[in-house]
Amino acid sequence: MERVTIPPVDHELVGLRAEGRRPPGGAPFSLLALAFALIPLNPPWLWASLVLGFSVLPLVTPGARPGPSWRLSPAGLELADRDGRVVQGYSPGRIQELSISADELVLTVHHKFGTTQLGTLPEMGFEPHAFFVTARRLGLVIRVVDGDFAPDPDEEQDYLDVEASLMAAVVEPAETRGEPVVLASRLQRSARLRLVLLGGAAIALAWTMVVLAAVQGTPTPASRFGAGLWALAGSVVLLALRRRLRRNAPVHWTVSAEEVQGLPASSIGAILLGPGPELDAMTGEPDYAPLTAVVFDHRLRVMGHLHARGVDEFQLAHTLDEHGYKVISTAPASPRPSEYGLEGLPEIFAQVPGGRLVVGEDGLGWADMAGDVMLKMPADRIGVIELLTVDGHAWLRVYDNEGEEFLTAPLKALRIARTDLREKARSAGLPVTDAEYEAYLSAAFHGAVSTLAAEDPVPPPVPEAGPGALLDATPRSRMWGYGITSAICLLVAMTAAWVFTGFGAALAWSVPGGLLAGLAGAWLYDRNRSQLRVSMHGIASVTRLGRTDWSLRRETVGGIGIDHSTEGVPRLVVWSPGGRVLRRVTFAPDLSELRRACEKYGLPWGPPDRSGSAAPPPEM
């Protein structure tokens, strides 16, 4: 017998990490310009040159090196430093199972002596589906679980479906074609230009004030202090401008028949599109991004991890597909409207103006506006009429005697109510099933009987009465508001004093005047700021003077919590029982106090629970 040699597994998945040094933060170095400006130095031009030089020092100071990166390979899961030395390792012999939480994507290692949570996969630099596929290729047991480490078969099936799609895609030969296409991120050039102009004007003003202090002669202590403040302000604006421009840097994708973003087309087996990790432009550490691309070769190894922040996902996916590349999306599949819409019905359904479905003793029919039946489906051909719910809407499926489906459509398209169709079909003796309606009636009957049969029913918790809890913004955010307002007013007052009265007399009144004006303005805003009132009647936003901005009754509130789905700062959100966002709160109160207030007054904390008691089927 001929001996077959199995090649060793060489799959390796390396987490994202920045090469070289990350961009300098440099904010503490801005204080050197202020400190050096206080030193009396002649001639004045040398003093001004050194002050301005120290103000741009944060831009040229090299940043720190990013931290170690994770790696999944035949040696196991390892955390390696930049020199390749293993800092932390989990060999395959010690790993009994890996688990990924479906909601937060937390990776947990289950071993002989317990469990160890390593962190979220995006923060570790891994795309969840690519990590799942690579782990299975390496022979590791990996599962998808919920927050309580219980198996989540639906979410795990989604991962398995993506893996199956990748396996089917990489084995098929791809024939690339088409002319090169360049895709750019959705970026408003006018916004970037406006940002550069405003930031440049502020920096030029700050540096001009330093030059004016030197031109007027030997700087006095007061003028040196003022020039140092201007140099500090210019440095802060310069750092903020660079940080904003780097975060909003445009992204370009080049797709051609020969390569995709520098990767040769002959080596690309499939491209996986979906949310994943992306390197932060300032810290160099992995962060969550709404759209990334993982490139697999024909052996299902990861070739590269490409970021696509700001690029339209529809344009990117279709451009890659039109050039012959195999594209797999991690988004959940949903049925096309044409599969259940009017296109799936007989042509006469769309040709009859104002047509509607009618039920008679001889079967189903399609009638026009005058009530004349234009098409009949005889009862002897109908096997069963099924009523169900798809995406929150009532639908109809009709099967023939052989079990074949020959009519599927939403009831809105058929212009008939669910209750009318069910009752009329039963009256006519047609076979009709509405499992959701029967389950709803059974649950309602069981709930009523169990309430009557219980000897000592446990009363539900009664929310506390009273005026409720009044929640304000955190002291930290209020102090930031006072500080920023005071700093802006101080700079404006010092500028006006320097221009009109000379800087010698500026400190006499501009500093206390600017501080008092800033504190007064912040107090005027703070005295009428919005607050949250949580009571047994619901939740409302009221000002400190008693005016109500908005109010939601208790029965209209389905949940109160934090929404992380959008980019930027997470917002406090009030949901309806159906999951619709009712209000987004712009300020952030203390979350622990808010949660205690919700529990105290009986308001639901967190998103609406869709696994609770179900509402009646739609169009019942």
Side-chain angles (χ1 to χ4, degrees), residues 153-155 157-158 161 331-369 371-449 577-579 608-620:
D154 295 335
E155 290 291 339
Q157 187 61 45
D158 292 340
D161 292 342
S334 58
R336 298 191 303 272
S338 61
E339 294 181 357
Y340 297 100
L342 290 176
E343 295 180 11
L345 304 180
E347 294 182 1
I348 192 173
F349 280 36
Q351 296 174 0
V352 177
R356 67 185 187 277
L357 186 72
V358 294
V359 182
E361 295 181 356
D362 54 351
L364 301 178
W366 187 254
D368 58 9
M369 297 179 63
D372 299 331
V373 178
M374 309 299 296
L375 178 69
K376 291 184 178 180
M377 288 166 278
D380 55 359
R381 287 188 55 194
I382 298 176
V384 64
I385 301 173
E386 180 185 4
L387 297 175
L388 69 159
T389 302
V390 178
D391 292 336
H393 299 281
W395 295 70
L396 168 68
R397 287 179 181 172
V398 182
Y399 298 87
D400 59 14
N401 292 327
E402 298 178 357
E404 296 292 335
E405 176 186 297
F406 68 94
L407 174 60
T408 302
L411 292 183
K412 287 185 177 180
L414 301 178
R415 299 182 181 92
I416 187 172
R418 185 172 189 161
T419 303
D420 294 341
L421 176 58
R422 181 178 59 250
E423 299 302 329
K424 290 181 178 179
R426 288 177 177 174
S427 300
L430 299 178
V432 58
T433 61
D434 194 345
E436 297 171 353
Y437 177 69
E438 301 295 338
Y440 170 72
L441 291 182
S442 177
F445 176 78
H446 176 74
V449 172
D609 185 11
R610 298 181 181 271
S611 62
S613 58
E619 302 182 20
M620 187 185 72

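This structure is a prediction, so every number in the text was calculated from the model and none was measured. In this chain, numbering begins with 1 at the start of the sequence shown. These numbers come from the heavy atoms of this one structure, side chains and all, not from hydrogens, waters or symmetry mates.
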Colleague: Excluding sequence neighbours, so at least two apart, what forms side-chain contact (heavy atoms from CB on, under 4.5 Å) with Val358?
Modeller: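 Val358: side-chain contact (heavy atoms from CB on, under 4.5 Å) contacts with Arg356, Ala367, Val373.
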Colleague: Val432 versus Val384: any side-chain heavy-atom pair under 4.5 Å?
Modeller: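 Val432 vs Val384: side chains apart.
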Colleague: Side-chain contact test, heavy atoms from C-beta onward, threshold under 4.5 Å: evaluate it for Leu396 versus Leu357 and give yes or no.
Modeller: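 Result yes, sub-4.5 Å side-chain heavy-atom pair found.
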Colleague: Is there a side-chain contact between Asp434 and Arg418, using heavy atoms and a 4.5 Å cut-off?
Modeller: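 SC-SC contact between Asp434 and Arg418 confirmed.
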Colleague: Taking only residues two or more places apart in sequence or in another chain, which ones pass side chain to side chain donor-acceptor pair (under 3.5 Å) with Gln157?
Modeller: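 With neighbours one apart ignored, the set is Asp161.
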Colleague: For the residue pair Val359 and Asp420, establish whether any side-chain heavy-atom pair is separated by less than 4.5 Å.
Modeller: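 When only atoms from C-beta onward are counted, Asp420 and Val359 do not touch, as no gap falls below 4.5 Å.
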Colleague: Specify the closest pair of heavy atoms between Ala417 and Leu411, including all atoms of both residues, with the distance to one decimal.
Modeller: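 In this case the closest contact between Ala417 and Leu411 is C-CD1, 4.3 Å.
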Colleague: Mind listing the closest non-hydrogen atom pair of Pro431 and Gly383 along with its distance?
Modeller: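 Heavy atoms of Pro431 and Gly383 come nearest at CG-O, 3.2 Å.
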Colleague: Give, for atom CZ of Arg426 and atom CD1 of Ile385, the distance between the pair rounded to the nearest 0.5 Å.
Modeller: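 It is 11.0 Å, given to the nearest 0.5 Å.
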